Amino acid sequence: MGIRLVLFDAGGTLTKVLPEREERIQKACVYFNLSPVPDEITARLGLVTIERFFIGAMQEGRMIDRETVREGVMLMLTAMKVSGRLEDPALLWDFVETQYETEVPMDGSLETIDALKDRGYMVAVASNATPNYEKVLADLGIAERVDAVFLSDVVGYAKPDPRFFQFVLEQMGAAPKETVHVGNSYWHDVIGAMRVGILPIYFDRREIFPNADCPRIIRLQDLPFLLEQLNRR
């Protein structure tokens, strides 16, 4: 039996926020008077560094608490060769995570959903979000394209809790072996899907984790072809 159901994370997968994280890292360095302010390539190096650190910490079973974030930020700054007085490094990451202006569809997201629907797949959003996020997805033209939207604050469980995915499977009438989950968070999406026997597909557009222990794409447009390959196995 092949794959019938494709689940997507939303934020960071089907959508992205602007300014992008690289620019927000630059702005954070200005805000906290750190220097030199990295260019875009250097900011991306810093972003890759901290994301790889978080993935490694999660694989080791560490909690991503404030102390872990502080450690990651200092590694990021070292990689970018940026220095200065920073009393609480975690505040810099708070800035990076929250200082954005708008949310737009991820490159290729609408076309990819349409391509999957044309090929007969069921498609649903499975995201950690509040109930009003469904309106965001509707405004971006995503909600109307999918068969269902499942948001953690409505379901009552959040990824990576297996109960979130179990609820989605029950509602969609699909078995784990018939399902893939596409997401950009190794902890929430990859680990969460694995816990219930769903095949995760890691969306790694910044090429942070090339050695991921699951199928991986760097462009959403590559997903239909990957699914064809998986269904031939």
Side-chain angles (χ1 to χ4, degrees), residues 1-15 50-69 72 97 106 109 112-113 116 121-131 133-134 137 142 146-218 220 222-224 226-227 229-231 233:
M1 185 177 296
I3 297 164
R4 297 194 304 121
L5 172 62
V6 181
L7 305 178
F8 282 100
D9 172 52
T13 302
L14 289 179
T15 74
I50 193 169
E51 292 290 356
R52 285 178 177 169
F53 168 76
F54 286 152
I55 289 171
M58 288 181 284
Q59 289 177 319
E60 294 170 4
R62 296 175 60 184
M63 294 291 294
I64 306 300
D65 55 17
R66 295 293 284 183
E67 188 56 41
T68 306
V69 172
E97 289 292 272
M106 182 64 71
S109 62
T112 298
I113 293 172
L116 295 176
Y121 292 101
M122 294 188 295
V123 179
V125 172
S127 184
N128 287 350
T130 58
Y133 195 67
E134 187 158 5
L137 296 175
I142 292 172
V146 300
D147 297 294
V149 173
F150 299 96
L151 305 176
S152 60
D153 282 14
V154 178
V155 172
Y157 305 105
K159 298 178 294 183
D161 192 321
R163 291 172 292 185
F164 176 86
F165 289 100
Q166 289 164 350
F167 179 86
V168 172
L169 292 173
E170 290 170 4
Q171 295 298 307
M172 297 302 296
K177 63 184 178 181
E178 301 172 312
T179 306
V180 297
H181 177 66
V182 184
N184 69 307
S185 168
Y186 187 84
W187 172 244
H188 296 102
D189 298 308
V190 174
I191 297 298
M194 284 180 172
R195 285 178 172 176
V196 292
I198 292 173
L199 178 66
I201 297 176
Y202 183 45
F203 177 46
D204 188 16
R205 71 185 180 110
R206 289 188 173 92
E207 302 188 59
I208 289 168
F209 193 20
N211 297 320
D213 51 351
C214 65
R216 168 181 169 270
I217 55 174
I218 60 175
L220 290 177
D222 295 332
L223 182 61
L226 174 60
L227 294 179
Q229 290 181 309
L230 292 172
N231 276 326
R233 294 181 181 177

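Because only heavy atoms are used, hydrogens play no part in the values below, and waters and symmetry mates are left out as well, while side chains stay in. Only a predicted model underlies this, so the values are computations on that prediction, with no experimental measurement involved.
Glu60 meets the side chain to side chain contact (heavy atoms under 4.5 Å, CB included) test with Arg62; sequence neighbours excluded. Under the side chain to side chain contact (heavy atoms under 4.5 Å, CB included) criterion, Glu51 pairs with Arg21, Leu47, Phe54, Trp93, Ile208, sequence neighbours left out. Legend: residues meeting salt bridge (charged side-chain N to carboxylate O under 4.0 Å, His left out) with Asp147, ordered by chain and number and at least two apart, are Lys117.
In summary, Asp9 and Lys159 engage in a salt bridge, as defined by a charged side-chain N under 4.0 Å from a carboxylate O.
Residue Ala174 comes nearest to Arg4 through the heavy atom pair CA-NH2, 3.7 Å, listed as atom of the first residue, atom of the second, then distance. Heavy atoms only, all atoms of each residue included: Gly11 and Ser127 are closest at N-OG, 4.3 Å. Here the closest heavy-atom approach between residue Gly12 and residue Met106 is recorded as O-CE, 3.4 Å. The nearest pair of heavy atoms linking Pro210 to Asp204 is N-OD2, 4.0 Å.
With 3.5 Å as the limit, one finds a donor-acceptor pair spanning the side chains of Tyr133 and Thr15. Side-chain contact check for Asn184 and Thr13: at least one donor-acceptor pair (N or O, by modelled atom type) lies under 3.5 Å.
Distance CZ/Phe8 to CG/Leu220: 6.5 Å, rounded to 0.5 Å. Interatomic distance, OG1 of Thr179 versus CG of Leu5, reported as 4.0 Å (0.5 Å rounding). Note that OH of Tyr121 is 6.0 Å distant from CD1 of Ile3, once rounded to the nearest 0.5 Å. Separating the OG atom in Ser109 from the CG atom in Leu223 is a distance of 12.0 Å, to the nearest 0.5 Å. Between the CG atom of Leu169 and the NZ atom of Lys177 there is a distance of 12.5 Å, given to the nearest 0.5 Å. Going from atom CG of Asp189 over to atom CD1 of Ile198 covers 11.0 Å, rounded to the nearest 0.5 Å.
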- Message: One pair to check against side-chain contact (heavy atoms from CB on, under 4.5 Å): Asn128 and Leu151. What are the steps and the verdict?
- Response: CA-CA 6 Å; Asn128 287 350; Leu151 305 176; over 6 Å; no
- Run the numbers on Phe167 and Arg163 for side-chain contact (heavy atoms from CB on, under 4.5 Å), then give the verdict. CA-CA 6 Å; Phe167 179 86; Arg163 291 172 292 185; over 6 Å; no
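Looking only at side-chain heavy atoms (C-beta outward), Leu230 and Leu226 come within less than 4.5 Å of each other. Side-chain contact between Ile218 and Arg216 is present, with at least one heavy-atom pair separated by less than 4.5 Å. Residues Met58 and Ile64 are in side-chain contact: their nearest non-hydrogen atoms beyond the backbone lie under 4.5 Å apart. Here the side chains of Arg195 and Phe165 are not in contact, with every heavy-atom distance at 4.5 Å or above. Cys214 has its side chain within reach of Met194: a pair of non-hydrogen atoms, C-beta onward, lies under 4.5 Å apart. In this structure, the side chains of Ser185 and Val190 stay at 4.5 Å or more apart for every pair of heavy atoms. For the pair Pro215/Tyr202, no side-chain contact is recorded, criterion being any heavy-atom separation below 4.5 Å from C-beta on. Within the 4.5 Å cutoff, no side-chain heavy atoms of His181 are placed close to those of Leu199.
For the side-chain contact (heavy atoms from CB on, under 4.5 Å) criterion with Ile201, the lone passing option out of Asp222, Val180, Leu7, Val6 is Val180.
Judged by distance alone, the side chain of Ser152 and the main-chain N or O of Ala158 form no donor-acceptor pair under 3.5 Å. Checking side-chain atoms of Thr68 against main-chain N and O of Met63 turns up a donor-acceptor pair under 3.5 Å. In this structure, Glu178 contributes its side chain and Ala175 its backbone to a donor-acceptor pair below 3.5 Å.
A ring-centre distance under 6.0 Å is found for Phe209 and Tyr186.
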